[in-house]
Amino acid sequence: MFPVYGALQWLNNSMDQKELFELEQQCIQECAPPCTAACPVHVDVRSMLAETARGDFSAALKIYQKAVPFPHILSRICDQPCQNVCRRGEIEESIAIRALERAAVNHGELPEEKKRPMPKRVGNVAVIGGGISGLTVAYDLARKGYKITIYESGHELGGGLWKADRDYLPAEVIRGDIEVIYELGVEVDLNTLIDHIHLVELRNAFDAIYIAVGPHASEAYELARDQYGLIKVDPVTFATSMEGVFAGGGLLWGIEMHSSVTSISEGRRAGISIDRYLQKVSVTASRINEGPYTSCLYTDISEVGTRPLIEMGDPDFGYEWHEAIQEGKRCIQCECMECVKACEYLREFGRYPRRYVREIYNNLSIVKGTRYANTFINSCSLCGLCAEICPENLDMGAVNLKARQAMVTQNRMPASAHDFGLRDMQFSNSDKFLMMRNAPGTTASDYVFFPGCQLSASSPEHVERVYSDLQRQLPDSRIGLMLGCCGAPANWAGRPDLFESILAAWRMHLQVMENPKVVLPCSSCYQVFQKHLPDVEIVSLWDFFDEHGLPAGAVSANHTVSIHDPCSTRYESQMQDSIRRILGRLGYQIEELPRSRERTTCCSYGGMMWLANPTLAEKVVQKRIQEGEADYVTYCAMCRDNFVGRGKRTWHILDLIYNQGSDEQATRRGPNYSQRHENRARLKRHLLTEIWGETMDGSQPYESIQLNIADDVQAKLEQRLILIEDIQRVIEYAERTKRKLLNRQTGHYLAYYRPNTVTYWVEYLPTEAGFAIFNAYSHRMEVPGSGS
Amino acid sequence: MSEPEQVWMCDNCNIPLQPDKVDVAYMGNAFPVELLKCPKCELVFIPEDLALGKMVEVEKQLEDK
Ligand code: SF4
Ligand code: SF4
Ligand code: SF4
Ligand SMILES: [Zn+2]
């Protein structure tokens, strides 16, 4: 039926690693928030503040300490570059980030560090200068197991820290934090000045060296320098011109009182270089964003309310815990999630596109094992809202459609996913409904009216009326009629083969009619024709009415309505305008929904979401009908039926044009699945007789079987997707072959038959007029005796 | 007369159904299930709760494999 490629070939063909990577990258939800990106050591500020807001200061401290080796010191003197970019600062004062770090240190407690076995890496490293940058290198590398010796010219470790204001940074705080260096077994040589000769000696005695003395002391070293006379280092690795010698801290900047957080960052990055250098792996590979950078995260803050800065009761101590909690709550918890906020489907599965793309990819590459993302992939309505909303225009609908096509190609599409919808389409494109005729007495058409399958199923009377009105409005044109399904369900089901064959048929029929302009009331058909039959000239019925005027006798009313734009009109602003003008001419006042036009939502019919995930579809419809108080007007039959089915007063615009929007029409439930078939078939029969004077022949024997079904049973059938014709087939088969069971208790018959990919069971009894139906159910598994 | 095998008859063969192993198949997988069956013509009985419960579950599992 369709070519079966191996999974690998598909991956090569249509969504390879690279494409996956690009799609993943398009979603920026995992970008670090601005605060973290700007922080030279990338403290996870957002999580730390979330813990603070919850009052869990120990958890906050743990997060802080993960990025900061000397938390007591830094939480007092950090120059907090994060604050300048904090998004709260665009509304009022930024979050007091350093003060909250100090609060974490003051109020939080770290658990006893578990005596973990220290990794034993081999190598001796000399650190020249016992300031905070050198201490960081010593701390990081000692924890990796290297043997470290610090050479400090002064009589105590700390370097520039001792120059800070003592009120701010008391001596015991410095000594308390530095204690860890001794605990790690680092050797410390105090009162030892290293000049250039010593440096050369040290280079021979040690495997690597980190120089972090102040700018003045660094003048002694004969290393390559920049035009300002400062030691030149590689900006990423901090390597100097002497092999195995790295440098960082104030000497790079010519500043004695260098930013302490930057010094730590440089030490940390130099430490990474030294570790790699000693492990003999690439020192330069994949070292992006180690220092401060600009965040790529998007966060919409337009709805964020104000929340003024919390003042400290005692500025010397810093925030009391209850103050800190309040200040922590000011954090916006910056993230994107724009699409997830807008799309019920993306919300339903609990993650966001970056993760989803990965899961889809995994799902498609699985050879053995469970495909957890099948339902996810098939639940999307393919409505394109995400692409419109996403700051990076990531279209999950397009990704899901591609994934469906791949599943079909791999022969891995669950049969149950779209079967019912495809069979409905098949019905519409069978003799039962499919037809094309030029107007009586003509052999070609200037226009052809193509109402599509769903308007014909929901409101066949409107179809007949529009057809005759079109002829009345353009008396000099030859206007033909074409009935069938455009093929959208085949596309949604990931069946390009099937879809293409349907399109080819339309192309051919239109050619036979000498390429008339196609008049389309259904926006899904419109989308299919526009995108996939670009050579065919089309016009939406609404643009047609807007241009040629409303049909004679269109009646006006005075009423306020909200417009639900079908999701397939997302980028058809002209059609949307036409609808609004038509409503204006009819005298309606319009109260726009918060999401309309290019931001409109799907009614749950799109992409066959309603079939793959009825529970989700229900939520989607419910959400949409609760977005507006006024009665809704829409211009898609499925949207209308879906809304009215949940009790929302909704008109199809044709209801307004022809019937002044009666209460009856606003509340009339759409036909059930069986009636939809019947309405289409009857429409064709009626049109053929009335307009072309033809009769339809060739009905199947089962079609004449009369059924008597109580309402509650009918409701069950609808929910179980069992059609009248399925039941007729079972009974026809059972009565003809006599293959049926008898329940001796009830006296009812039970028969089963498999006319397609489903086995149907029907409990029934013959009556005088036909058959009474008591129950029906179905399954897909095959059992013996099902007549297939 | 409340035991299922006393309730269900094959109408054509006019004999009560009996429990037996029946092969049930889906997506190229077949497995035996104990069902009521006509000993003569092999017509089987699948109760509603089995069709809508366990069978749907297994169908989904096989579809996602
Ligand atoms: S609001 Fe919070 S997450 Fe956002 S930038 Fe400021 S501190 Fe960071
Ligand atoms: S809108 Fe969605 S897909 Fe786009 S970046 Fe944000 S979270 Fe990712
Ligand atoms: S296409 Fe529509 S339903 Fe699918 S993910 Fe995007 S917004 Fe959600
Ligand atoms: Zn039998």
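Order of the sequence lines fixes the chain letters, A, B, ..., with proteins taken first and strands second; residue numbering starts at 1 for each chain. Computed from a prediction, not measured in an experiment: that's the story for all the values here.
Rounding to the nearest 0.5 angstrom, the gap separating the CD atom in B:Glu48 from the CZ atom in A:Arg720 is 4.5 Å. The distance from atom CD1 of A:Ile366 to atom NZ of B:Lys65, rounded to the nearest 0.5 Å, is 9.0 Å. B:Tyr26 contributes atom OH, which lies 9.5 Å from atom CD of A:Glu782 (distance to the nearest 0.5 angstrom). How far CH2 of B:Trp8 is from CG of A:Asn743: 4.0 Å, rounded to the nearest 0.5 Å. Note that the CD atom of B:Glu63 and the CZ atom of A:Arg412 stand 12.0 Å from one another [nearest 0.5 Å]. With values rounded to the nearest 0.5 angstrom, A:Met781 atom CE is found 10.5 Å from B:Met27 atom CE.
A:Tyr777 and B:Ala51 get closest at one heavy-atom pair: CD1-CB, 3.6 Å. Minimum interatomic distance between B:Phe45 and A:Leu741 (heavy atoms only, all atoms of both residues): CB-CD1, 3.7 Å. Considering every non-hydrogen atom in both B:Gln6 and A:Arg744, the closest pair reads O-NH2, 2.6 Å. Heavy-atom minimum distance, A:Trp761 versus B:Val44: CH2-O, 3.4 Å.
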Passes side-chain contact (heavy atoms from CB on, under 4.5 Å), A:Val783 versus B:Met55? Steps please. CA-CA 11 Å; A:Val783 294; B:Met55 271 175 119; 4.3 Å; yes
Pair B:Glu59, A:Ser416 - check side chain to side chain donor-acceptor pair (under 3.5 Å), show working. CA-CA 9 Å; B:Glu59 283 167 14; A:Ser416 57; over 6 Å; no
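For A:Tyr372, no part sits under 4.5 Å from any heavy atom of chain B, backbone or side chain. Of the two parts of A:Asn363, neither the backbone nor the side chain holds a non-hydrogen atom closer than 4.5 Å to a non-hydrogen atom of chain B. For a residue to count as touching a neighbouring chain, one of its non-hydrogen atoms must lie under 4.5 Å from one of that chain's; by this rule A:Ala415 touches chain B with backbone and side chain alike. Both the backbone and the side chain of B:Asn12 come within contact range of chain A, judged by heavy atoms closer than 4.5 Å. Proximity to chain B (any heavy atom under 4.5 Å) is restricted, for A:Ser778, to the backbone atoms N, CA, C and O. Using a 4.5 Å cut-off between heavy atoms, B:Lys37 does not touch chain A at all. The parts of B:Val58 that come within reach of chain A are both its backbone and its side chain, each placing non-hydrogen atoms under 4.5 angstrom from that chain. For a residue to count as touching a neighbouring chain, one of its non-hydrogen atoms must lie under 4.5 Å from one of that chain's; by this rule B:Leu52 touches chain A with the side chain only.
Partner of B:Asp64 under the side chain to side chain donor-acceptor pair (under 3.5 Å) criterion, out of A:Thr370, A:Asn374, A:Thr375: A:Asn374 alone. A:His779 pairs in a side chain to side chain contact (heavy atoms under 4.5 Å, CB included) with only one of the listed residues (B:Ile46, B:Val56, B:Leu50), which is B:Ile46.
Taking B:Val33, B:Leu17, B:Val24 one by one and counting their heavy-atom pairs under 4.5 Å with chain A, the maximum is reached by B:Val24.
Distance alone, capped at 3.5 Å, places no donor-acceptor pair between the A:Arg739 side chain and the B:Cys10 backbone. Remark: the backbone N or O of A:Gly785 is not paired with any side-chain donor or acceptor of B:Glu42 at under 3.5 angstrom.
Heavy atoms from other residues, nucleotides or ligands lying under 6.0 Å from CD of B:Glu34 number more than 12.
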